[in-house]
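Report on the structure given below.
What you see below is based on every heavy atom in this structure, not just the backbone, and it leaves out hydrogens, waters and symmetry mates.
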Amino acid sequence: DATTRRTKFSVLKMADKEAERVARMMSQEDGSSSLVESNSGGSSSDEVLDLAIKNFSPLVSQLGAGGVTGFACGYAAKKIGKAAAFTLGVVFMGVQAAAYKGYIQVDWRKMERDVGFALDQNGDGKLDQKDMELIARKALDIAKFNMPSSAGFTAGLLLGLTRG
């Protein structure tokens, strides 16, 4: 759907920016401004390959490591989320059955207010999409904290969530 396409586009855009940043850093370190300029002397294909490996292996390793850890986190989050939803559903059915039989009295309105208050991230008094976005952002910030390639991590995370 449209949201998924926008998210994928954003991830690809972040990956492009990260690639450009790493390429700029590498060109400043070795003094060459680009792969084409540093290989314009008509060298052999082996030299081009060596130059490409030298220039792009840090980028691939950063995106690779970030992508792998992101995928693992996304995969685990999806599996844990399914298990948590299952557990919550079973607990709810048990509590509701006990309330129906008269063993316990549950004030669902109070529970809804208390849970809503705990999850209300922007303090507007209601639980809505903005609150869910803030929770998701905080979780992503925590997961990618101090990662060398947050673009690779984010792409891997989305892949893990969709494929996990």
| Between CG on residue L127 and CD on residue E112, distance to nearest 0.5 Å | 9.0 Å
| request: Can you measure from CG (L119) to CG (L134) and round to the nearest 0.5 angstrom? | output: 12.0 Å
| task | State yes or no: do F117 and I135 share one hydrophobic cluster built from I, L, V, M, F, W and Y residues joined by side-chain heavy-atom distances below 4.5 Å, directly or via other members? | result | no
| task | Output all residues satisfying side chain to side chain contact (heavy atoms under 4.5 Å, CB included) with R137, sequence neighbours left out; order by chain, then residue number. | result | E133
| task | Output every pair passing salt bridge (charged side-chain N to carboxylate O under 4.0 Å, His left out) with a member in residues 117-131, not counting sequence neighbours, ordered by first then second residue. | result | none
| said: Under 4.5 Å between side-chain heavy atoms, counting indirect links through other Ile/Leu/Val/Met/Phe/Trp/Tyr residues: same cluster for F71 and I80 or not? | reply: no
| request: Kindly work out whether a path of hydrophobic side-chain contacts (I/L/V/M/F/W/Y, heavy atoms less than 4.5 Å apart) joins V91 to M111. | output: yes
| note | Correct closest heavy-atom pair for V106 and A99 would be CG2-CB, 4.3 Å
| field | D107: side chain to side chain contact (heavy atoms under 4.5 Å, CB included) partners, not counting sequence neighbours | value | R109, K110
| query | Looking at side-chain heavy atoms only, is the closest gap between L140 and F153 below 4.5 Å? | reply | yes
| request: Identify, with sequence neighbours excluded, every residue that meets side chain to side chain contact (heavy atoms under 4.5 Å, CB included) alongside Y103. | output: A98, K101
| message | Is there a side-chain contact between T162 and L158 in this structure, where contact means two heavy atoms from C-beta onward sitting under 4.5 Å apart? | response | no
| query | Partners of F92 by side chain to side chain contact (heavy atoms under 4.5 Å, CB included), sequence neighbours excluded? | reply | Q96, W108
| task | Could you please spell out the steps behind the side chain to side chain contact (heavy atoms under 4.5 Å, CB included) verdict for Q121 and K138? | result | CA-CA 10 Å; Q121 297 293 303; K138 285 180 183 178; 2.7 Å; yes
| query | Can you list every side chain to side chain donor-acceptor pair (under 3.5 Å) pair that touches residues 71-92, not counting sequence neighbours? | reply | none
